[in-house]
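To start, the structure itself, in structure tokens.
In this text the structure is predicted, and so the values were computed from the model without any measurement.
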Amino acid sequence: MDFYILDDDIAVVKTLKHIITERKIGTVIGYNTDVECAIEDIKEESPSIIMVDFMMKEMDGITFIKEVKKFNREAAFIMISKLSDKSLVNQAYDAGVEFFVSKPINVLEIERVCQNIIERIRLKKVVDNIQNAFMEVNNSSDGVQANRELTAERKQNWLDVLLGSLGILGEKGTNDIRKIYACMEKSDSAYSKHILGEVAQSLGDSEKNVEQRVRRALKKALSNVAAAKIDMIQDDIQIYAKYVFDHLSIKMEVNFQEGLSPAGGRVSISKFMDGLNVYRDFIEE
């Protein structure tokens, strides 16, 4: 994924470039400390992700994003700042910021935020492709059967949207979650050890291995939810979280990440899987 970095502090620019390159997160195709030069660069390079400082001498980050949006509607934005003013944070989200990165720069935070935004971009492309294909089939005079099949595929796509927003599409346990949910749907039943056993048998694996993979994926999702809450990110991740995690677990994970608790929140496979059913019922109402 292509990145562009704009910050009037060259030390911050070099730090971000080093992290993205060394951690193999993506490719930095350009950077600048000058706003006007950055705008011209972005017009030519069309980066997928733009990292921009909020406080700059020539132009603040929110105004800069609005300028870029005039000619590039597809770019995703990560804002680098020390913002604590909620009204300014909300203004930034309204302008198009998807994630915040706090100063001083933290390597693990940069890696997590970048991976989440990359995953979201990829998921959006998948959804857009399905929607475009649906429109093509829908407009076709002989595409009735294909239309039905594609409609079913789109109905199932909500699960990947949810898992992607939680930041776990790349986890090994995510495929197990899909299979468990498919088994629950097929049998029209809630999650149980019997369901887990069926999935494990179909995979030629042990129940313990499947359960461990799912737990690791859920723990990653809970960690992402807590981190987003700390960063004051009020997007889809918080909406989905209330269906699949209980409030106490999220609070414990937040306290753990802030150094206020020796242990993080606990995850429950049963709570998560049954929460998917509740969410599906909600969107199908």
I29, F77: one ILVMFWY side-chain cluster at the under-4.5 Å cut-off?
no
Please check if the side chain of N255 supplies one atom and the backbone of L260 the other of a donor-acceptor pair under 3.5 Å.
no
Looking at side-chain heavy atoms only, is the closest gap between M184 and D274 below 4.5 Å?
yes
Result of checking N32, V68, V28 against Y4 for side-chain contact (heavy atoms from CB on, under 4.5 Å):
N32
Check the pair R215 / Q212 against side chain to side chain contact (heavy atoms under 4.5 Å, CB included), numbers first and verdict last.
CA-CA 5 Å; R215 284 191 179 279; Q212 285 180 340; 5.7 Å; no
Decide if atom CZ of R178 counts as having more than 12 heavy atoms of other residues, nucleotides or ligands within a radius under 6.0 Å.
yes
When rounded to the nearest 0.5 Å, the distance separating CG of N277 from CD of E185 is 7.5 Å
Quick one: are I117 and M1 in side-chain contact, heavy atoms under 4.5 Å?
no
Nearest atoms (heavy-atom pairs only) where G26 meets F3
CA-CE1, 4.0 Å
With M56, the side-chain contact (heavy atoms from CB on, under 4.5 Å) member among T33, V35, D9:
V35
Side chain to side chain, L276 and Y191, heavy atoms closer than 4.5 Å:
no
Measuring from atom CZ of F64 to atom CG of D53, what distance do you get when rounded to the nearest 0.5 angstrom?
11.0 Å
Do S81 and M55 make a side-chain contact, defined as non-hydrogen atoms from C-beta onward lying under 4.5 Å apart?
no
Quick one, L16 with Y31, criterion side chain to side chain contact (heavy atoms under 4.5 Å, CB included). Give me CA distance, side-chain angles, the key distance, then yes/no.
CA-CA 10 Å; L16 291 171; Y31 60 85; over 6 Å; no
Distance check, rounded to the nearest 0.5 Å: I118 atom CD1 versus L169 atom CG?
13.0 Å
Please report the shortest heavy-atom distance between E171 and A217, naming the atom on each side.
CB-CB, 4.0 Å
Between D176 and R213 (salt bridge meaning N to carboxylate O under 4.0 Å), is one present in this structure?
yes
Same apolar cluster (I L V M F W Y, side chains within < 4.5 Å links), M252/V244:
no
Flag the pair L163 / D160 as yes when at least one side-chain heavy-atom distance between them is below 4.5 Å, and no otherwise.
yes
Taking a hydrophobic cluster as the set of Ile, Leu, Val, Met, Phe, Trp and Tyr residues connected by side-chain heavy atoms closer than 4.5 Å, whether directly or through intermediates, do F256 and I250 fall within one such cluster?
no
Interatomic distance, CD1@I110 vs OG@S102, rounded to 0.5 Å, equals 8.0 Å
Q257 vs E253 side-chain heavy atoms within contact, under 4.5 Å:
yes
Measure across G264 and K219 and return the closest heavy-atom pair with its distance rounded to 0.1 Å.
C-NZ, 3.8 Å
Heavy-atom pair with the smallest gap, counting every atom of N116 and G167
OD1-CA, 4.0 Å
Closest non-hydrogen atom pair between E207 and K193, with its separation:
OE1-O, 4.3 Å
Carefully, step by step, assess M79 and I62 under the rule side chain to side chain contact (heavy atoms under 4.5 Å, CB included).
CA-CA 9 Å; M79 182 160 278; I62 294 175; 4.3 Å; yes
T174 (side chain) donor-acceptor with G170 (main chain) under 3.5 angstrom
no
Steps toward side chain to side chain contact (heavy atoms under 4.5 Å, CB included) verdict (V107, R23)
CA-CA 9 Å; V107 175; R23 295 271 174 160; 3.3 Å; yes
Would a 4.5 Å heavy-atom cut-off, applied to side chains only, mark S249 and V267 as touching?
no
Residues D7, K103: salt bridge by 4.0 Å N-O rule:
yes
Reported CD1-to-CG distance for the pair I10 and D8, which is rounded to 0.5 angstrom:
10.0 Å
Atom NZ of K66 with >12 non-hydrogen neighbours under 6.0 angstrom:
no
Drop me the distance from K14's NZ to I105's CD1, to the nearest 0.5 angstrom.
15.5 Å
Does atom NZ of K179 have more than 12 heavy-atom neighbours from other groups under 6.0 Å away?
no
Do you know the tightest heavy-atom contact between I25 and I19?
CD1-O, 4.0 Å
Using the six-membered ring wherever Trp is involved, compare the ring planes of Y243 and Y279 and label them parallel, tilted or perpendicular (cut-offs 30° and 60°).
perpendicular
Derivation of the salt bridge (Lys or Arg N to Asp or Glu O under 4.0 Å) call for E211 and K208:
CA-CA 5 Å; E211 188 172 25; K208 183 179 179 180; over 6 Å; no
Kindly say whether the aromatic ring centers of Y181 and F272 come within a distance under 6.0 Å.
no
Is there a side-chain contact between C114 and I49, using heavy atoms and a 4.5 Å cut-off?
no
